[in-house]
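Below is one structure, written out as structure tokens; the observations come after it.
So that the names make sense, note that chain A is the first sequence line, chain B the second, and so on, each numbered from 1. Below, each value reflects all heavy atoms present in this structure, side chains not excepted, and no hydrogens, waters or symmetry copies.
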Amino acid sequence: DGGITQSPKYLFRKEGQNVTLSCEQNLNHDAMYWYRQDPGQGLRLIYYSQIVNDFQKGDIAEGYSVSREKKESFPLTVTSAQKNPTAFYLCASSVQGGNQPQHFGDGTRLSIL
Amino acid sequence: RKEVEQDPGPFNVPEGATVAFNCTYSNSASQSFFWYRQDCRKEPKLLMSVYSSGNEDGRFTAQLNRASQYISLLIRDSKLSDSATYLCVVPEGTSGYSTLTFGKGTMLLVSP
């Protein structure tokens with residue numbers, strides 16, 4: 001059953017701590033994306049990757065880091081430099097070729113302890 | 001970043017009503033558009049893709065007006081289960097490496 005899996009579903013971070021959110025897809029999609037959604041707000045792009053071993057900053061990359069060592073995996077690290085990390089984090093993937101829709105995982109809710 | 005504007009609503013309609021949402025976009029180079037549905041505290045799910053002047057899928061019709069740069073979504077015979085936030089989505093570029101710009105969404109509440 002193909003899809004995108006995000007884990008964990010809920011995550012709590014202590015002050016000064018880095019945390020890593022997992023995103024795995026078995027759709028054979030080349031492109032993967034990370035978004036942040038705050039209550040009552042739209043999705044904002046954090047980072048995206050169009051191909052393995054390459055990624056680009058989105059609109060709000062400060063305080064975050066990513067890696068793309070495998071096609072299937074695109075983990076996001078929320079570093080201690082991100083001062084307001086409480087949000088709903090969504091990972092998505094799509095085929096290449098331009099103008100393609102993205103398919104989302106079911107998200108990770110990150111909160112500060 | 002290009003803008004995508006939507007009326008946040010909420011649109012309150014009774015079951016069986018017809019409701020329409022509009023979305024305006026600023027990227028005149030966009031070739032395709034999407035409507036996503038997002039339930040409360042859930043991920044967005046693709047509802048419809050619009051690649052030409054419009055698309056119809058059952059009770060849902062999407063129309064595109066390139067000259068005025070707006071997209072509409074029409075829902076006929078509304079069901080309680082249609083209650084959700086509807087996101088208008090526009091690609092940033094036209095190449096194989098485009099990203100998507102999401103509107104903030106329009107909330108629909110269908111009541112009995």
**Within 6.0 angstrom of A:E24 CD, more than 12 heavy atoms from elsewhere** = yes

Item to check | Check: B:Q38/A:Q37 side-chain N/O donor and acceptor closer than 3.5 Å | outcome: yes

Are A:M32 and A:V95 joined in one hydrophobic group, where the rule is that I, L, V, M, F, W and Y side chains link up if heavy atoms are under 4.5 Å apart? no

* Asked: Would A:L110 end up clustered with A:L90 when hydrophobic side chains under 4.5 Å apart are linked, directly or stepwise?
  -> no

Separation between NZ (B:K45) and CG (A:D106), nearest 0.5 Å, reads 9.0 Å

Honestly, the part of A:R109 sitting under 4.5 Å from a heavy atom of chain B is side chain

Is there a chain of hydrophobic side chains (I, L, V, M, F, W, Y, each step under 4.5 Å between heavy atoms) that links B:L74 to B:Y25? no

dist B:S49:OG -> A:Q100:CD (nearest 0.5 Å) comes out at 8.5 Å

Smallest heavy-atom separation, B:P44 atom then A:F104 atom, equals O-CD1, 3.6 Å

Closest non-hydrogen atoms of A:F88 and B:K42, given as atom of the first, atom of the second and distance, are CE2-O, 3.6 Å

| message | I'd like to know if B:L46 and A:L43 are part of one continuous hydrophobic network [Ile/Leu/Val/Met/Phe/Trp/Tyr, side-chain heavy atoms within less than 4.5 Å]. | response | yes

If one checks every heavy atom of B:F33 against chain A at 4.5 Å, the contacting part turns out to be neither

(message) Looking at B:E15, I'd like to know if its CD atom is crowded, meaning that more than 12 non-hydrogen atoms belonging to other residues, nucleotides or ligands lie closer than 6.0 Å.
(response) yes

Q) Would you say B:Y36's side chain and A:Q102's backbone share a donor-acceptor pair under 3.5 angstrom? A) yes

Exercise. Can you hop from A:I60 to B:L87 via hydrophobic side chains spaced under 4.5 Å?
Worked result: no

Enclosure of B:Y70 OH (heavy-atom neighbours >12, cutoff 6.0 Å): no

| query | Are any non-hydrogen side-chain atoms of B:L100 and A:Y35 less than 4.5 angstrom apart? | reply | yes

For residues 103-112 of chain B against chain A, heavy atoms under 4.5 Å, the residues are B:G103, B:K104

